Amino acid sequence: MKKIHIYPLLLVLTLILASCGTKKYDALIVTGQSNNSHNWKASHTTVKQIIENTDLFTVDVAISPEQGGDMSTFSPNFKSYDVVIVDYDGDSWSDETKANFESYVKNGGGVVVFHGANNSFPEWKEFNKMTALGGWKGRTEKDGPYVYWSNDKIIKDTKPGKGGSHGKKNAFVIDTRQAEHPIMQGLPLKSMHTTDELYGKLRGPAENMTVLATAYSNPKTNGTGKHEPVLFTIDYGKGRIFHNVLGHVDKSEDMIAYKSAYFIYTMQRGTEWAATGKVTQVVPEDLPNLSTPLVLPAYKQFTLEGLFKNARKYKVGQSKKYLNLISQRIKNHSSNAEYMANIEGKMIQLLSADDCTADAKNYICREISWMGSDKALAVLKTLSSQEETSEMAKYAIDRLTQK
Amino acid sequence: MVKKSQSRRSFLKKSAATVIGATIFPSIVPASALGRGGFVAPSDRLEMALIGCGGMGRANMKNLLKLKNKQVELVGLCDVDIKQLATAQKLITDIRGKSDAREYGDFRDLLETEKLDAAILALPDHWHSIMATNVANKGIHIYGEKPLARSIKEGRAIVDAVNANKVTWQTGSWQRSVSNFHRAAELVRNGVIGKVTHVEVGLPDGRKPIGTPAVQTPPEGVNWDMWLGPAPKVPFRGVMHFHWRWIMDYSGGQLTDWAGHHVDIAHWGLGYDDKQPIEVEGKGVYPVEGIYDVPVAYDFTCKYDTGVTVRVANASAYPDRKGQGTDVNRKRWGMGTVWYGEKGWIHVNRNGFWASEQSILDTPDAEIKNPIYKSDSHWANFVDCIKSGKETITPAHVAHNSISVGLLGEIAMLTNEKLKWDGSNEVFTNSERANRLLSRPFRAPWQLPQ
């Protein structure tokens, strides 16, 4: 067989893609230290992947010296970036680095802070103004009020007490509170997030903050019994800060919180908003809902091809996610004849495929029974003569041919 | 066949003023006519069977057995799960001191063996049409659980069978026999809030998921294949009683469960017992994971030829229903029916009823020019109507129109289309896809009686 030289071709393709790519912005992840509960190595590499998956950002990483190292050497050039993502909780930065960071934000720089990063720098006043809320590390009423959501508004509670808590890790529903905010537009009003720590009792200056989403911290899992802020934005000088309290990962390197569609989408949208004040990303097709979390193993939404590829392995008693997401796409595009014809074509291919399980075929038969056309009849007829698929194939034929 | 089955009914109807079948004399004298141990004239005692012995079935049976003067005898019990049969037997014994009810695992044996006056049907929705039509075709009166049917064509088949056999039908939409619902609907019907322009119906939020159970062996004493009946054959996964409500092969979820209640009440107040919408559109939220597949949230609106719109959604979709009482638990306010008229609103649910003005609630009886059907007991109403030959408070054709709203909404959400509905022919006029969802193909050998 003749060997095809694909490498030069790939190189050319890559160059073309790079030159006409849409990577308009530069992002910097600042990391290198985290407290014992967290794992900066796992978190920053994953967030880098998530942000790169937008195709909007080139992402650099600035890694600090190890704990106890010489922090005077750590001086990232913040101002050459559109957005700085803080994934850091450790030794204090040098005064110069702090001043550079403050100046960067005051002059309109974007910042994203998530999860453990809000534990950091309890003594650095300006940083706490940027994050609005933080936890642990001796935070008390001296640092600002508790903030939670009650009766359709934000409550700032100045009562004394420690700042920072979380219940047992679990999956929880997150409620959108600012549906019109660019970060939230088009995302579900209620979304189930995957297993994660839900921070509560955070406290801080809480100035100029807009709460975008909250989650009920359930006392049954040792939560606070309050609707805790989960996503919020802060105005600081001319700068924009997006604060996402989600995203726990520890030494176990279980990335489940990061695979949550909710975490991925809000990080992607929040980062663009922090960088530009706008969100141009299209709302993804595969959305979480209030019932079950949506796990995206590759940190991005599925393609239609990807759904069909995975769906063909389905067996009764296993997750039906990929098939359900195909059904969702049928609904999403029901008024688009071309899309519907395309998806029917893919369904027919699946029904004809030798490497597709009978259970997946039976599911597809149910769907094609109402949204399909005469084109499906031939393969359905074949399936109707095969034992494992005969009933559902007849079901589909019955519907498609009824008068 | 029809003649044989008519006999018992006409016998019972003898006391009614006008009885078509009065000249047909009964060929069979039922056991109950011998009059052992009751206060009721033997000819007025009804021999019933319970088909589907789960919670709702037993509750209905209990209410019927507890009617005054022991008007009802339970002679047959039918279920595909022997445990349910045993529980139902025990309940009869608890109420009556003993039970003579014979047990059946197959309704065809029951219908063949017993000479029934009436049957209580309380099965998963996917069984409703086959059971109801077969029972009606035997000339047996039916207390049938709501929703009337799993699909619109099946509902039509039930209405046709009930009409053709002239049997009495009561739907389990018992809210019509409860005073607050009656009063609210009567006030609306009598124009107390002026011309109604919009109605909002709030039904329960979707059920929490239970994950993805593995395939397992059905419990002993359960006929799983019979339980599935006309629905697609699937392996047993531990979800049967109760759980069926959350799987589309068997039910439409909270929506179709409760449309038979609060949509039914909405129609009652509007005077739309014989009306269907002309347009429907809306959105549902469907689970991504787990064995349940009915919508976890739903929100759709129907338009009628009168211009009135009826929105149907799960309770959480109405966070702004404020001021409708003093209760701080707002979730409760999401439930029930609110009619919005030109002069105010009335809201009714199982906790009571409320209005925009106190004067609406205080409307004097004299202003009720058009009183609506009144029943104080849904079960007594059923028995009374069997004897009188009158229509019940929730006959099949009314239940059909109530559940059609839920089923139309379900289809609009599945297809995600704005659908135009021709209620007189019961077809969508603008979507072939939607029309395919008006019925469900049945698994062989099950079919509706021809």
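Everything numeric in this text was worked out from a predicted model, so none of it was measured. Order of the sequence lines fixes the chain letters, A, B, ..., with proteins taken first and strands second; residue numbering starts at 1 for each chain.
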Worksheet item: Without hydrogens or angle criteria, can the side chains of Asn332(A) and Gln328(A) be said to hold a donor-acceptor pair below 3.5 Å?
Response: yes
Discussion item. Quick one about Glu387(A) and Ser390(A) (side-chain donor to acceptor, distance below 3.5 Å, no hydrogens or angles considered), yes or no?
Written reply: no
Worksheet item: Do His241(B) and Trp227(B) have their ring centres less than 6.0 Å from each other?
Response: no
Worksheet item: If you count heavy-atom pairs under 4.5 Å between each of Asp293(B), Thr415(B), Ile291(B) and chain A, which one has the most?
Response: Thr415(B)
Practice prompt. Give a yes or no on this: more than 12 heavy atoms of other residues, nucleotides or ligands lie within 6.0 Å of atom CD of Glu432(B).
Written response: no
Fill in: Set of ring-ring contact (aromatic ring centres under 6.0 Å, His included) partners for Phe236(B), sequence neighbours left out
Trp224(B)
Practice prompt. For Asp196(A) and Tyr258(A), test the side chains for any donor-to-acceptor distance below 3.5 angstrom and give the result as yes or no.
Written response: no
Discussion item. Go through it in stages, so that I can follow the logic: the residues are His243(B) and Tyr250(B), the test is side-chain hydrogen bond (donor to acceptor under 3.5 Å, both in side chains), and I'd like the CA-CA distance, side-chain angles, deciding distance and then a yes or no.
Written reply: CA-CA 10 Å; His243(B) 295 283; Tyr250(B) 321 122; over 6 Å; no
Worksheet entry | Residue selection (most heavy-atom pairs with chain A, distance under 4.5 Å) from Ala444(B), Pro441(B), Ala214(B), Pro209(B) | Pro441(B)
Worksheet item: Going by distance alone, is a donor N or O of one side chain under 3.5 Å from an acceptor N or O of the other, for Asp422(B) and Thr429(B)?
Response: no
Practice prompt. Salt-bridge test for Lys320(A) and Glu289(B): reply yes if a basic N is under 4.0 Å from a carboxylate O, no otherwise.
Written response: no
Worksheet item: Taking 4.0 angstrom as the limit, do Glu426(B) and Arg156(B) come out as a salt bridge?
Response: yes
Fill in: Interface moiety of Lys208(B) toward chain A, non-hydrogen atoms closer than 4.5 Å
neither
Response to the item:
One option among Gly317(A), Pro188(A), Gly372(A), Ser319(A) has the most heavy-atom pairs under 4.5 Å with chain B, and it is Gly317(A)
Fill in: Within 6.0 angstrom of Lys321(A) NZ, more than 12 heavy atoms from elsewhere
yes
Fill in: Interface residues of residues 212-230 of chain A facing chain B - non-hydrogen atoms under 4.5 Å apart
none
Worksheet item: So which part of Ser431(B) gets closer than 4.5 Å to some heavy atom of chain A, the side chain, the backbone, both or neither?
Response: neither
Practice prompt. Taking the six-membered ring for Trp and the single ring otherwise, decide whether the centroids of Trp244(B) and Trp127(B) are under 6.0 Å apart.
Written response: no
Item to complete: May I ask you to name which of Lys233(B), Gln216(B), Glu417(B) has the most heavy-atom pairs under 4.5 Å with chain A?
Response: Lys233(B)
Discussion item. Using heavy-atom distances under 4.5 Å, tell me whether Met392(A) contacts chain B through its side chain, its backbone, both, or neither.
Written reply: side chain
Discussion item. Check for me whether the distance between the ring centres of Phe308(A) and Tyr322(A) falls short of 6.0 Å.
Written reply: no
Item to complete: With a 4.5 angstrom heavy-atom cut-off, could you sort out which part of Ser327(A) is near chain B: side chain, backbone, both or neither?
Response: neither
Item to complete: Could you list which of residues 336-348 of chain A have a heavy atom closer than 4.5 Å to any heavy atom of chain B, in residue-number order?
Response: Met340(A)
Discussion item. With a strict 4.5 Å heavy-atom criterion, list every residue of residues 281-297 of chain A that contacts chain B, or say none.
Written reply: Leu287(A), Asn289(A), Leu290(A), Ser291(A), Thr292(A), Pro293(A), Leu294(A)
Worksheet, complete the sentence: Here the pair of heavy atoms bringing Thr194(A) nearest to Ile256(A) is OG1-O, 2.9 Å
Worksheet item: For Asp249(B), is it the side chain, the backbone, both or neither that has a heavy atom under 4.5 Å from a heavy atom of chain A?
Response: side chain
Worksheet item: Considering only heavy atoms, which portion of Pro213(B) lies under 4.5 Å from any heavy atom of chain A: side chain, backbone, both, or neither?
Response: backbone
